[in-house]
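In what follows, chains carry the letters A, B, and so on, assigned in the order in which the sequence lines appear, proteins first and then strands, with residues in each chain numbered from 1.
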2 protein chains.
Amino acid sequence: MQEGFGHGCGCHAGRKTRWVEPSILYMLWEQPRHGYELMTDLPELGFVATQGDPGAIYRTLRHLEENGLVVSQWDTSGTGPAKRLYTITPLGIENLQLWAESLRQYKLALDAFLEKIDKIHQKQWSNDETGYTL
Amino acid sequence: MQEGFGHGCGCHAGRKTRWVEPSILYMLWEQPRHGYELMTDLPELGFVATQGDPGAIYRTLRHLEENGLVVSQWDTSGTGPAKRLYTITPLGIENLQLWAESLRQYKLALDAFLEKIDKIHQKQWSNDETGYTL
DNA sequence: CCATATATATGTTAATTACATATATAAGAT
DNA sequence: ATCTTATATATGTAATTAACATATATATGG
């Protein structure tokens, strides 16, 4: 099936853009962390909901490390199994700034679109040419 | 290869979220149009860049029609080959309003994230603990 | 020694993006 | 006549992301 929609009627209910990559970079820019910490703390960022999707975290971290945007070292202190402590690199910070720029551009487009889309309600209630109601 | 990135260094340069579906629904809410018109006019919306990607338009239109959000009729008037004229349905308008809501939620998260991410520049220039410069 | 919390990692499917190309009709130029 | 161009719709496919499920391993507490 090709849904990702909700009510079986084809209506929109849940496409998401989580921006996992810039979110992780930002958290690591604040301070070095390990994967599990990122997984639990990212939702607090208010931007990504990665709870129950640890795959997104660890795959992204490995991708970032392959490209030199973060580095990791094993941390055997503390309780529980060994953890990788990830640290952002200078290249990673540059990359995060690129993300910031492109997200700002993105915001401009989104704001413009929302302003247009706001007209729907107005017209819908004031001028019902179509003859159907919601 | 797994890039989609720019400089061969793994840095961000181009992930896009075009929101083709709500954009098409909005254009059809303004007035009935045919596919080619959508393809050429959508970039003016400032949100999607679908020039050179007609596939996105026609596949989305068929998907929308399958789910009853738009209907089409052949238009043989005018010059050139016959064209399908697409019209949004009441269900499509409801769907567009769902999109509007979720995009507004999305905007809130994006704004919050951008506010945080703005701190990068400040800290980078004022307090260079790391010892490297950009 | 068993359940639980911590921690990392892999696998799979679906959806979207991005790009390329195929098909067909009509108008205008040579 | 036919060649090029503009119009118009449609299909194919690879790459990326999202979404979900599951596997592996270590330490702690009962």
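Whole-Å rounding puts the B:L64 CG to C:dA15 P distance at 14 Å. Distance, B:W19 CH2 to C:dT17 C1': 13 Å, rounded to whole Å. A:L38 has its CG atom 15 Å from the P atom of C:dT6, to the nearest Å. Atom CG of A:D75 is separated from atom P of D:dA27 by 13 Å (rounded to the nearest Å).
Taking CD1 of A:I117 as the start and CG of B:L25 as the end, the distance is 8.5 Å to the nearest 0.5 Å.
Residues A:T76 and A:A82 share a closest heavy-atom pair of CG2-CB, 4.1 Å.
Ring-centre distance between A:Y106 and A:W19: below the 6.0 Å cut-off.
Although no hydrogens or angles enter the test, the distance criterion places no donor-acceptor pair under 3.5 Å between the side chain of A:S72 and the main chain of A:L85.
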Pairs under 3.5 angstrom, nitrogen or oxygen only, protein versus nucleotides 3-13 of chain D, please.
{"unit_1": "D:dA8", "atom_1": "OP1", "unit_2": "B:K83", "atom_2": "NZ", "d": "2.3"}
{"unit_1": "D:dT9", "atom_1": "OP1", "unit_2": "B:R84", "atom_2": "N", "d": "2.6"}
{"unit_1": "D:dT9", "atom_1": "OP1", "unit_2": "B:R84", "atom_2": "O", "d": "3.2"}
{"unit_1": "D:dT9", "atom_1": "OP2", "unit_2": "B:G35", "atom_2": "N", "d": "3.0"}
{"unit_1": "D:dT9", "atom_1": "OP2", "unit_2": "B:Y36", "atom_2": "N", "d": "2.5"}
{"unit_1": "D:dT9", "atom_1": "OP2", "unit_2": "B:Y58", "atom_2": "OH", "d": "2.9"}
{"unit_1": "D:dA10", "atom_1": "OP1", "unit_2": "B:R84", "atom_2": "NE", "d": "3.2"}
{"unit_1": "D:dT11", "atom_1": "OP2", "unit_2": "B:R62", "atom_2": "NH1", "d": "2.9"}
{"unit_1": "D:dT11", "atom_1": "OP2", "unit_2": "B:R62", "atom_2": "NH2", "d": "3.2"}
{"unit_1": "D:dG12", "atom_1": "N7", "unit_2": "B:R59", "atom_2": "NH1", "d": "3.0"}
{"unit_1": "D:dG12", "atom_1": "O6", "unit_2": "B:R59", "atom_2": "NH2", "d": "2.2"}
{"unit_1": "D:dT13", "atom_1": "O4", "unit_2": "B:R59", "atom_2": "NH2", "d": "3.3"}

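Shown here is B:E115, whose CD atom has no more than 12 heavy atoms of other residues, nucleotides or ligands within 6.0 Å.
Looking at A:F113 and B:Y26, their side chains come closer than 4.5 Å, going by heavy atoms from C-beta outward.
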